[in-house]
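The analysis underlying the following values was restricted to heavy atoms, covering all of them including side chains, and did not include hydrogens, waters or symmetry mates. Order of the sequence lines sets the chain letters (A, B, ...), proteins ahead of strands, with each chain counted from 1. If you're wondering where the values come from, they're calculated on a predicted model, not measured in any experiment.
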2 protein chains.
Amino acid sequence: MYSTSVNLLSKTENTMQDILFDFISKYISLTEDEKHAIVSLDIFRLVKKGTILLKEGQKSPYEYFVLKGCIRKYYITDGEEKTTAFFTEMEGVTPHCAIHNTPSEYFISCVEDTILTVAHTDMGVELFSKFPKFEIMCRVLSEELLARQQIDFDEFKTSSPEQRYLNLLQNRTDLIGRVPQHQLASYLGITPQSLSRLRARIMEKSKA
Amino acid sequence: MYSTSVNLLSKTENTMQDILFDFISKYISLTEDEKHAIVSLDIFRLVKKGTILLKEGQKSPYEYFVLKGCIRKYYITDGEEKTTAFFTEMEGVTPHCAIHNTPSEYFISCVEDTILTVAHTDMGVELFSKFPKFEIMCRVLSEELLARQQIDFDEFKTSSPEQRYLNLLQNRTDLIGRVPQHQLASYLGITPQSLSRLRARIMEKSKA
DNA sequence: TTCATTTCTTAACTTTAGTGAACGAGTTTT
DNA sequence: AAAACTCGTTCACTAAAGTTAAGAAATGAA
């Protein structure tokens, strides 16, 4: 389905599996049996920078989990790209369209060459019935994510664009380096011009 | 723990249980046994308008689910109240502090007289081991909530205060009636004065 | 009821964001 | 190599939000 731009991993595959298992082990402990079950799902993919994983209008049943790299979620309205989220190492997305089986309202593409897991939503169902442990992990994970997301949302609501940018500087320094300014701008809810100005303003202040 | 302002229900209790069971039945089907298990948890509470369910700094292990009424989440920074969320009928909150057992960063209080369930986070653990069904429901529920929340966040980021207010008018008409303006304002990420002005502006436009 | 407090609105002024346009630097295409 | 794009920045201008203050309306308590 992903033609040329999405490939199976080869040498790095073992390393990637271990990264995933390390992550999972924070939530549940895995038997060899369970590890094999995961490996046999064949979900590891290497995706080239620029690849579009999900397009607006598409009905896609896949969910993603980033092991290394960065993917980006964006809308296109009136021909304008509006970036609303980035997902980097150890972050996952389950697109709305995958849950509700409706056409997607947004795009997901790769900001950099990215290693991720691509899971069909049905895989979960299978896995859950065989290994109820995973059900627990997924519940805990989404509750955590939900709480985290709510705090981010709160912070966004209660701060000005400038504060939001300063926040980003403190908490997500990585993003500022690896992501183009105009994408960061809409992520902060402002135009690229405003972000430029705001950065200049901050520079002025810190000089004085 | 809730002294005078939180009471057990009496006559209305059965009705409330049914509302909860109806809600649950959208996700899983319940046996009589399971219904009894829920009832025996004794989680239904009637809470008076103005009651504070959770205070900043408090370590509270409780999560809430609104059956009737409205509760509100807000921060106090520099003496200013910042409302970031409302929860009404069939909406639930699991405060961040309940998950991580850390002091709460925000308050939760009742906007109106409210009927809700108050569950200790440990109750879940018990219930899940006895009835794995609930684990499934909770996973599905939080995944749904997460997706919903992400869309709301996206919408917030990509629209102006005026658009956000117009959105609210369309999708959450109820809130506009039952919630004070200044609380709505910070919910929209603006000051009460801006909301007033913005409303006047919209009125002008629709007249012309 | 009366008094005090809170809530909402309006106004004047300041600050910041949106908009349209232009420019140079760096890419990519041809 | 030249042309066409993209990206970040700057500028001038417009529009909207923040701030401070004041007053009217609604609410709650004595």
Notebook entry, point to check: Once you round it to whole Å, what is the distance between P of D/dG8 and CD1 of A/Ile176?
Noted result: 13 Å
Notebook entry, point to check: Under 3.5 Å, is there a donor-acceptor pair between the side chain of B/Glu126 and the main chain of B/Met123?
Noted result: no
Check: Under 6.0 Å between the ring centres of A/Tyr187 and A/Phe86?
Finding: yes
Item checked: Separation of D/dT19 P from B/Asp78 CG (nearest whole Å) -> 11 Å
Margin query: Can you tell whether the side chains of B/Glu135 and A/Arg139 come within less than 4.0 Å, N to carboxylate O?
Written below: yes
Notebook entry, point to check: When the distance from CD of A/Glu80 to C1' of D/dC7 is rounded to whole Å, what number comes out?
Noted result: 14 Å
Checklist line | No-hydrogen, no-angle side-chain donor-acceptor test under 3.5 Å, A/Ser194 and A/Arg197 | finding: yes
Notebook entry, point to check: Is A/Glu144 paired with A/Arg148 through a side-chain N to carboxylate O contact shorter than 4.0 Å?
Noted result: no
Next item on the list: Would you indicate which nucleotide in C/dA17, C/dT9, D/dT9 comes nearest to any side-chain atom of A/Ser196?
Entry: D/dT9
Margin query: Given D/dA21, D/dG18, D/dA16, identify the nucleotide with an atom nearest to the side chain of B/Gln193.
Written below: D/dA21
Notebook entry, point to check: B/Leu198 CG to C/dA17 C1': how many Å, rounded?
Noted result: 15 Å
Checklist line | Upstream residue (5' side of DNA chain C) when B/Pro192 and A/Thr191 are each assigned their closest nucleotide | finding: B/Pro192
Check: Relative to each other, are the rings of A/Tyr27 and A/Phe23 parallel, tilted or perpendicular (30° and 60° limits)?
Finding: tilted
Next item on the list: Rounded to the nearest angstrom, tell me the gap between atom CD in B/Glu204 and atom P in D/dA16.
Entry: 13 Å
Check: Which nucleotide sits closest to the side chain of B/Ile190: D/dG18, C/dG18, D/dT9?
Finding: D/dG18
Checklist line | Between D/dA15 (P) and B/Gln163 (CD): distance, integer Å | finding: 16 Å
Next item on the list: Report the nucleotide, chosen from C/dA17, D/dT9, C/dA11, that has the shortest atom-to-atom distance to any side-chain atom of A/Arg197.
Entry: C/dA17
Check: Does A/Lys59 come within less than 4.0 Å of A/Glu105, counting only side-chain N to carboxylate O?
Finding: no
Notebook entry, point to check: Got a salt bridge between A/Lys82 and B/Asp154, using NZ or NE/NH1/NH2 to carboxylate O under 4.0 Å?
Noted result: no
Margin query: At a heavy-atom distance below 4.0 Å, what parts of residues 177-186 of chain A sit against DNA chain D?
Written below: A/Pro180, A/Gln181, A/His182
Item checked: Residue B/Lys49, side-chain heavy atoms: nucleotide from C/dC8, D/dT9, D/dG28 that is nearest -> D/dG28
Next item on the list: Over 60° means perpendicular and under 30° means parallel, so classify the ring planes of B/Tyr74 and B/Phe107, tilted if in between.
Entry: parallel
Check: Within this structure, what is the OH-to-P distance between B/Tyr165 and D/dA17, rounded to whole angstrom?
Finding: 13 Å
Check: Atom CG of B/Leu188 to atom P of D/dA17: distance rounded to whole Å?
Finding: 11 Å
Notebook entry, point to check: What does the inter-axis angle of the helix from C/dT1-D/dA30 to C/dT30-D/dA1 come out as, five pairs per end, nearest 10 degrees?
Noted result: 50°
